[in-house]
Structures are given as structure tokens and as C-alpha cells.
Amino acid sequence: MATAVISMDPGVSRFVAAKHRMLINGKWVEAASGKTFPTYNPATGEVLSNIAEGDVADVNRAVAAARAAFESGPWPKMSPSERGRLVWKIGDLIEKYAEELAQLESLDNGKPLKVARAADVPLAADHFRYYAGWATKIEGNTISLGLAPADKFHAYTRREPVGVVAQIIPWNFPLLMAAWKLAPALAMGCTIVLKPAEQTPLSALRLGEIIQEAGIPDGVVNIVPGYGETAGAALAAHDDVDKVAFTGSTEVGKLILKAAAGNLKKVSLELGGKSPNIVFDDADLDRAISGAAGAIFFNHGQCCCAGSRLFIEKDIFDKVVDGVSQHAEKIRVRPGFDPECDMGPLVSEEQMNRVCGYMDSGKQEGAKAVTGGTRVGDKGYFVKPTVLVNTNDKMKVVQEEIFGPVVTAMPFSDASDIVPKSNDTIYGLAAGIWTRDIKKAHAVAAKLRAGTVWINCYNVFDAALPFGGYKQSGWGREMGHEVLENYTEVKTVCAAL
Ligand code: NAI
Ligand code: MG
């Protein structure tokens, strides 16, 4: 395997080597326990940095800071316009430090540097700008009562910030997930305690510095890195947190929900998926084949919306499987800093073992790997892009989220056959449809139980497009104006005249 040839930005070298603390009330502080934890470079398996390890005591301090910032201080007194300008500034600073952030993301997560530069970082900057615009557009309604004469009462609604928000994010798009969570909450005037994933804390910590540089007041954004079972669980259970927003596994989503029951804090969940990607025989096959490959191999399959169940109309099955397999074989699996890298390592040894475990279970249950099916080399956490055939509906590889570059290709007979097959999953996050028949495309889109349906495209993300899941893929929506519901309460004011 080629070694990394892009040299590290000096700012990145300094940041990686620094001692990392947590951000509480505008100060970078050690963990109350004095403990630290390592984050690794998944291309080598070596320790990249050591980070202050947040736990209950730190979560308590951070929530107290967020509460104080919500109740008093400059934040609640600020006009929406001022707040919006600060949120916009975060976007500008992300752009200013784009190369540094892209390098940190590639080092800590493993993704190709060119992908972090082209997708993660600009999408994160745009997210802050999109929600900066919403700060000044929050409105209530005036409402006529149904049972009283119009001159007896004046009633209206106010949309107010939900309060202190806990945000727990995953490792697949570390900076972008922080942006998805922070930007709308800030725009609505909430205060926040953010817990990045233990595998990838670096870009969130750098974002903490950027948030300070932008001039967001102390205590409004607190960042407590640490493990899920300790820091994350303490946040989800905390009695003084008004709302918890989580992205990650469905299993942990259920734990968050239970923990939140103590004070009935509001909960939004963006969880796993097993998304169907459907290729009809009237599709533009070149586009459909490269689109199907991108749907599963983008970000090494570590996407909640990955098109991991590829359904192909039976008369074109062999042709599409062959095309997607050829795409897979051309993918250059290298360290993220290699300029020829198309796919980096998976994020961690644990994730690599999980994905390899699924590939083995598929083989044991009778599936066949047309291409891939194994780890690459013995250093770093690389696996081969994999296409499985000869599967059936009962296999684990067809039912469970693999979260790696592994697709199961399955034939179907027509539009009436594919809808129940597509919906035969506990998940409902996303789906893809490839056809030239616009009537069929929209008819099938309407019947799919999924939060996003892409037609003749896949993985198209925009801050303006709501995203989230049906069924066990979650509660609530991220992005668009829909996410604003997550971060606001509606107050009805009714006055007798
Ligand atoms: P995870 O769900 O454990 O981790 C996501 C976040 O939750 C991290 O910040 C973690 O520290 C935190 N967390 C873990 N346990 C917690 C708890 N008890 N209370 C509060 N917070 C907690 O995901 P993990 O273990 O890293 O990956 C396992 C599988 O989850 C993947 O193979 C994939 O299937 C799925 N996943 C889905 C993601 C998505 O975007 N929907 C992202 C990451 C993982
Ligand atoms: Mg790491």
C-alpha cells in the first residue's frame, strides 16, 4: 500500500500534538477526574492525540454553564439579527480554516482528504450560513378563537428556544454532524452541550475554538468529549437538560430515549438504516451503475443512508452487478492523505471487525462475494469494497446495518414486487429509484416508507432538505425548516380584551 505523500499543514501538526481539554463556560479545562483518552489514526492504528475524558462531573459543570448562559448573560438579550450574524461568522471561519479542518477530519476519521475538502468542510460552512438566515425568520401566529366573538380575546403564539440542549454525535461525518446539530440550535437561541464521538473528537474541538473566535458568548456552546456509556449517558439522563438530539446507532437511540424519560426531556433521533436502492430496467444504466456504486461506497459505506440493499430488475441483474463490481474494483483503497485515495480505512478496529464479521456471516449463510469480501493488508483498518449476491431476505447481511462498503444485490420482478421488498426492514431512512419512467418513479416514491427518496441520484444533501427516518430510523427531522421544531417550544398567549 502506498504511504501518505501529502504533507501535513503545520497548524494541523501543532493541533494534533497539543494537549486537548474540554470547553466549558468559555474556558478550556481538564477533566475533573484528570483522565484522558486516546484518539487513533485509523490508517495506521497509532495514537493521534490524547483528549480530556469527560464524565458525570464534567457534564454537570457543562450543563450548569449552558443553563446560566440560557437564563442570563448576553445570549438571551441578543437580537435575532445579531445572533444570525454570529452564526454566519462560524461559517466564514470554517471556510477560512478549511484546509486545516479537512486534514484533521481525514486524519482522525480516515476519509480521503479530497472528500473532506470537497464535501464535509464546505457543507458544514454552508450549514451555519443556512441557519444564520433562519434566526430572523421565526414567527408565531395570531389566532381567532372558534367559540368566542372576535373582539373578546386576542390570542397568538410565540416560538421560543427549547432551552439547554444536549447533542450527541457520531464519527462518520464528525464536523458536519456537529454543524447539523449546532447551527439550528444556535440560530433558535438555545444553549448547548455537545459530545463528539470518542473515535473522532478533533474537528469538534477545533470547531470549539472557531466558535469562540466568532464571538459566541461563553457558556453557549460547551464541548465535552468522552465515551458514550459515561459522558453521553450522563447527558441523556441529566435533569436540567431540556432536549437531547442524537445521531448514531438505533441500539443507543433506544438507550437515550430511556435515559431521557427521567425528566421527559424532548428527544430527536437520527438512527440507522438499511436503505433500498432500486434499479428498473428502463433506467439510464451507466448513471444507475455508477450511482449505485456511489450510494454504498461513499464514505466507505459508513453512512446511515447508504444504499446497502441494491434491488435490480431481473433482466438487467447480471449487467448491473457486473458494472457495480467493476466500479468497486477500480476504487483505490489507501490512507486518506494519499492523493490517489478513493477510499480510506474504516474508522476503528472495532468497526473493521464488525464489517468483516458481517462479510463472514454472509458467506456462512450462503452469500457469494462477486468482488471484495476481505480486509486489505494487516496495518490500518482497510476493507475491500464488496458486492454480495445469492442472498435471501432472512440473512443478517440483508436485514442488519453493516455500516461498511458492503452491498447486497438482489433481483426483483416489477414495481408491485419491489415495494414490499423495499419496505421489509425495521428501518426507513432513505431509498433510491433509477428509472426513466417519471410516473413510475413518483408512484414508487410515494409507497416507500423512508424519510428521503432520491430519484436518479443518491446522497444529495443540502441544508434546505429535511432528513430523518421513518420506523426505527428515528424521530424528528434534521435540516430544512423542519429541524427548527426540534429546538423551539410553542407558547400560546391568550388575552381577554
Ligand atoms: P454509537 O451509537 O455507539 O455512537 C454514536 C454516539 O453515541 C457516540 O458519540 C457515542 O459516544 C454515543 N453513545 C454511545 N453509547 C451511548 C449511551 N449509552 N448514551 C449516550 N451516548 C452514547 O455507534 P457506534 O458504536 O460507534 O457504531 C455502531 C453502529 O452504529 C455502526 O456500525 C452503525 O451501524 C451505527 N451508526 C450509525 C450512525 C448514523 O449516522 N446513524 C453513526 C454511527 C454509527
Ligand atoms: Mg480517530
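Heavy atoms only: backbone and side chains are in, while hydrogens, waters and symmetry mates are out. Whatever order the structure lists ligands and atoms in, that order sets their numbers, starting from 1. Every value quoted in this text rests on a predicted model; they were computed, and no experiment measured them.
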Residues in salt bridge (charged side-chain N to carboxylate O under 4.0 Å, His left out) contact with E329, at least two apart in sequence or another chain = none
Provide, to 0.1 Å, the distance between atom 3 (O) of ligand 1 and the closest protein heavy atom, together with that atom's residue and name.
-> V252 CG2, 3.5 Å
Would you call T386 and P405 a side-chain contact if the rule is heavy atoms closer than 4.5 Å?
-> no
Has ligand 1 got any nitrogen or oxygen that is less than 3.5 angstrom from a nitrogen or oxygen of A236?
-> no
Short N or O distance, G248 and ligand 1, threshold 3.5 Å exclusive = yes
Between C303 and F173, is any pair of side-chain heavy atoms under 4.5 Å apart?
-> yes
Protein contact of atom 14 (C) of ligand 1 - nearest heavy atom, named by residue and atom, plus distance = G228 CA, 3.5 Å
Consider every N or O of E198 and every N or O of ligand 1, then say whether any pair is closer than 3.5 Å.
-> yes
Check: F403 N/O within less than 3.5 Å of ligand 1 N/O | no
Y97 six-ring face occupied by R206 cation (under 6.0 Å, within 45°) = yes
Flag the pair R129 and E95 as a salt bridge only when some basic side-chain nitrogen lies within less than 4.0 angstrom of an acidic carboxylate oxygen.
-> yes
Side chains of W180 and E270: does their closest heavy-atom pair fall under 4.5 Å?
-> yes
Closest candidate by heavy atom, reference atom 5 (C) of ligand 1, pool I256, I168, L346, T247 = T247
Atoms in ligand 1 flagged as close to C304, the criterion being non-hydrogen separation under 4.0 Å | 39 (C), 40 (O), 41 (N)
Note: Q199, heavy atoms under 4.0 Å from ligand 1, region reported as side chain
Sorted by chain and residue number, the ring-ring contact (aromatic ring centres under 6.0 Å, His included) partners of F70 (sequence neighbours excluded) come out as none
Could you name the option among E251, K274, R354, E400 that has the heavy atom nearest to atom 25 (O) of ligand 1?
-> R354
Give a yes or no on whether the backbone of I331 and the side-chain of D342 come within a donor-acceptor separation of less than 3.5 Å.
-> no
Heavy-atom distances under 4.0 Å are what count here, so tell me which part of Q302 touches ligand 1: side chain, backbone, both or neither.
-> neither
Compare all side-chain heavy atoms of K274 with those of E400 and state whether any distance is below 4.5 angstrom.
-> no
So between L255, L194, V244, I169, whose heavy atom ends up nearest atom 9 (O) of ligand 1?
-> I169
Less than 3.5 Å between some nitrogen or oxygen of P170 and one of ligand 1, yes or no?
-> no
